Amino acid sequence: MTTDEWPQSVAAARAQQIKWAGKLKLQSFPVSLLRATTRVVGVDVGVDSATQQLRAAAVLVDPINAELRDMAVATATAQFPYVPGYLSYREVPVILAALAKLAVTPDILFCDGQGIAHPRQFGIACHLGLLQNCPSIGIAKSLLFGTAKSPAAKFGAHSVIEVQGNAVGMALRSREQVKPIYLSPGHKINLLDALQWTLHFCRGFKLPEPTRLADQIASRRHKKWQTVD
DNA sequence: GCGACAG
DNA sequence: ATCTTGTCGC
């Protein structure tokens with residue numbers, strides 16, 4: 001797979017998605033396996049308002065208290081347009097660059113976007129999980145594919161994201177009084193375990209800490225703490 | 001054919 | 001994704 005060239009068209013990307021979706025392993029990865037040494041990483045991408053360059057942030061969070069432990073940032077010019085259903089072909093390159101700068105390899109990756117709750121069951125979380133060969137979970141703020149009832153108002157309430165009768169993800173009330181988030185497994189994890197891992201990192205905000213912190217850093221509005229350049 | 005459409 | 005401050009409420 002490392003010898004494949006990066007798709008340069010939506011048609012090529014589509015063919016790769018269909019092919020690679022077949023490589024995904026949705027297996028058990030219970031949150032009970034979490035240790036004080038488990039490397040939990042969150043990634044997200046933002047756009048530099050001035051240069052239009054993509055900026056990816058990879059953050060390492062404490063597995064127990066979910067606090068920020070380390071971070072890495074990378075920037076790059078987008079080489080693929082944003083096309084619904086093909087987001088990973090635009091964001092994955094710069095995310096991989098940020099991950100490469102991080103001192104550790106992730107044991108589990110939280111990504112901003114869909115996992116298998118995708119038209120071809122190959123959202124950005126699947127793409128990253130395969131390339132990093134590690135469990136991954138997709139955390140999206142809106143639904144791209146499938147249907148789901150609105151979950152109950154209470155924290156932790158969830159409803160299945162369904163596609164032709166199959167449960168591919170979950171709409172989760174990660175915070176009361178706020179619109180739900182849509183999570184789905186990417187690779188090497190199943191739906192129920194993905195839900196448990198996500199709940200473990202929801203600490204009072206809509207987004208679970210890994211993606212919330214990555215989002216904050218990738219979007220520069222937190223730059224007052226690193227603008228000592 | 002007409003909308004919908006992660007970030 | 002991004003344009004954007006203060007303000008109301010749990």
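Each chain gets a letter, A, B and so on, in the order its sequence line appears, and its residues count up from 1. As the structure is a prediction and not an experimental result, all values here were calculated from the model.
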NA contact type, [X], heavy-atom cut-off 4.0 Å: base, sugar-phosphate, or nothing?
X      : value
A/G85  : base
A/Q177 : nothing
A/L54  : nothing
A/Y86  : base

Where the side chain of [X] is defined as all heavy atoms beyond and including C-beta, which of [options] is the nearest nucleotide?
X      : options             : answer
A/L87  : C/dT2, B/dG7, B/dC5 : B/dG7
A/R175 : B/dA6, B/dG7, C/dG9 : C/dG9
A/V47  : B/dG7, B/dA6, C/dA1 : C/dA1

What's the [atom1]-[atom2] distance between [X] and [N], to the nearest Å?
X     : N     : atom1 : atom2 : value
A/Y89 : C/dA1 : OH    : C1'   : 20 Å
A/I95 : C/dA1 : CD1   : C1'   : 13 Å
A/E91 : C/dA1 : CD    : C1'   : 8 Å
A/D44 : B/dG7 : CG    : P     : 9 Å
A/Q52 : B/dG7 : CD    : P     : 18 Å
A/Q53 : C/dA1 : CD    : C1'   : 15 Å
A/Q79 : B/dG7 : CD    : P     : 22 Å
A/D48 : B/dG7 : CG    : C1'   : 16 Å

Side-chain N or O of [X] closer than 4.0 Å to phosphate OP1/OP2 of [N]:
X      : N     : answer
A/S142 : B/dG7 : yes
A/Y82  : B/dA6 : yes
A/K141 : B/dA6 : no
A/S219 : C/dT2 : yes

Item to complete: Examine A/R90 relative to A/F80 and say whether NZ or CZ is less than 6.0 Å from the centre of the six-membered ring and inside a 45° cone about the ring axis.
Response: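 Geometry flag: not set, cation outside 6.0 Å or 45°.
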
Discussion item. With a 3.5 Å distance limit and no angle check, can you tell me whether A/E176 reaches the backbone of A/F155 through a side-chain donor-acceptor pair?
Written reply: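 Checked: pair present.
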
Item to complete: Side-chain contact test, heavy atoms from C-beta onward, threshold under 4.5 Å: evaluate it for A/S159 versus A/M170 and give yes or no.
Response: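 The answer is no, as the side chains (C-beta and beyond) never meet within the 4.5 Å cut-off.
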
Worksheet item: Can you tell me if A/Q16 and A/Y89 form a side-chain donor-acceptor pair at under 3.5 Å?
Response: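 A donor-acceptor contact under 3.5 Å links the two side chains.
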
Discussion item. Assess the residue pair A/Q53 and A/T77 against the criterion (side-chain hydrogen bond (donor to acceptor under 3.5 Å, both in side chains)); give the C-alpha distance rounded to whole Å, side-chain angles, the decisive distance to 0.1 Å, and a yes or no.
Written reply: CA-CA 5 Å; A/Q53 285 216 302; A/T77 299; 2.9 Å; yes

Worksheet item: With centres under 5.5 Å and planes under 30°, do A/Y182 and B/dA6 count as stacked?
Response: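 It does not: the ring fails the test against the base of B/dA6.
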
